[in-house]
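So you know, we letter chains A, B, ... as the sequences are listed, proteins then strands, and number each from 1. Please read all numbers here as calculations on a predicted model, not as lab measurements.
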2 protein chains.
Amino acid sequence: MKREPLARSPKSGNRFLDSAAQPLRIVSVEEPTIAEAVLNAGFDMSNCPVRDVMDHIGGKWSSLMLLVLSTKPHRFGELKRAVPDISQRMLTQTLRDLQRDGYISRHVFATVPPSVEYRLTPLGESLMPALRALVAWAVDNHPRIAEARQTFDAA
Amino acid sequence: MKREPLARSPKSGNRFLDSAAQPLRIVSVEEPTIAEAVLNAGFDMSNCPVRDVMDHIGGKWSSLMLLVLSTKPHRFGELKRAVPDISQRMLTQTLRDLQRDGYISRHVFATVPPSVEYRLTPLGESLMPALRALVAWAVDNHPRIAEARQTFDAA
DNA sequence: GCACATGATCTCGTTTTGAGACTAATGCGA
DNA sequence: TCGCATTAGTCTCAAAACGAGATCATGTGC
């Protein structure tokens, strides 16, 4: 259990507005509250869906799983072989989290040995364009990132 | 040990499928390898840029930082206030990782007390459209996810 | 019997994250 | 002048997440 820590308690709340009461001295630019920043980004912070969603699909294996499942449904063992360096433990957990959030569905076949198939739900499908866009960006800009990293590490 | 509290050592920074050290096992006969799956998704797995990039911008705070910085440059303290529930330690680390990968730049002003400003680089800016698309999706679909989660937890 | 394959869980140890105290030089009020 | 706040971080320690491997139940082929 204890699968909850990922879901931040709502009352650990973000008080974005108290910053408005803090005038700055040195660099006199007034700062936007998180509410503003986030509104500029195009969403409402009131119940912070961003972190709620991003923390899940941004998990170490989640996006990779979704990507693999977007090609066709996979069984547990297929996924394990498709992503060789995921531990069985994390595979189980990632799949369950994805299922819990409604991105994928799980179908058990009472064969012997039993087999379990995972596939994207419509909700999961609807995420793919945005996810692929991010992946495409990653591919295009990976060299630049590698270069920046090298430069940084040299210093 | 390997405390290295803040500076992630360059060598440990690449623990995701180091393509050189751990070649993909193309063992499966009947199912698509990760390489195939990922090629279908539109990129080359040979040096796995996806996890390399996704694991960073998909980090717990990275995307939020980028989002906030996309509105305007921020100082350290501003960021801290803008995202009240990030610890100073994680803020420092997130910013340094982002800087290392070339998403943001860091400018120190020798005022007193000293101030440090962070801002998006052109590379960071170029990521924003894709990131915003993901955020937009998150906002649009958050209710569905919450519902799925509730349904799942009920069972 | 015995090994094998399935999907999943348990235990253990390592890595990453979180909470909070602590640093430096200086400005401010009392 | 004492004390306290400011700046951007660092340090320590505990908690959480993660990884590797063993284990489980069960039926098939040998």
Discussion item. Categorize Tyr118(A) for me: base, sugar-phosphate, or nothing, with a 4.0 angstrom heavy-atom threshold over every strand shown.
Written reply: sugar-phosphate

Worksheet item: Under 4.0 Å: is that the gap between some side-chain N or O of Arg96(A) and OP1 or OP2 of dG7(C)?
Response: no

Worksheet item: Between the main-chain N or O of Lys72(A) and the side-chain N or O of His74(A), is there a donor-acceptor pair closer than 3.5 Å?
Response: yes

Worksheet item: Applying a 3.5 Å limit to both distances, which nucleotide forms a Watson-Crick or G-U wobble pair with dC30(D)?
Response: dG1(C)

Discussion item. Determine whether Glu117(A) and Ser105(A) satisfy the following criterion, side-chain contact (heavy atoms from CB on, under 4.5 Å), listing intermediate values before the conclusion.
Written reply: CA-CA 8 Å; Glu117(A) 187 188 81; Ser105(A) 57; over 6 Å; no

Worksheet item: Choosing from dT10(D), dC18(D), dT7(D), which nucleotide comes nearest the side chain of Gln88(B)?
Response: dT10(D)

Worksheet item: Are any of Lys80(B)'s side-chain N or O atoms less than 4.0 Å away from OP1 or OP2 of dT7(D)?
Response: no

Discussion item. Taking pairing as Watson-Crick or G-U wobble with both contacts under 3.5 Å, can you name the mate of dC24(D), or confirm there isn't one?
Written reply: dG7(C)

Item to complete: Just compare dT6(C), dA8(C), dA8(D) and give me whichever is closest to any side-chain atom of Phe76(B).
Response: dA8(D)

Worksheet item: Can you tell me if the side-chain N/O atoms of Arg89(B) get under 4.0 Å from OP1 or OP2 in dA14(D)?
Response: no

Response to the item:
Which of dA8(C), dT6(D), dA8(D) is nearest the side chain of Arg75(B)? It is dA8(D)

Item to complete: In whole angstrom, give the distance that lies between atom CD of Glu78(B) and atom P of dA8(D).
Response: 8 Å

Worksheet item: When rounded to the nearest 0.5 angstrom, what distance separates OH in Tyr103(A) from CG in Leu123(A)?
Response: 6.5 Å

Discussion item. Checking side chain to side chain contact (heavy atoms under 4.5 Å, CB included) between Arg106(A) and each of Leu98(A), Leu95(A), Val116(A), which is the one that passes?
Written reply: Val116(A)

Worksheet item: So, is Trp61(B) close to the dG18(C) phosphate, meaning a side-chain N or O under 4.0 Å from OP1 or OP2?
Response: yes

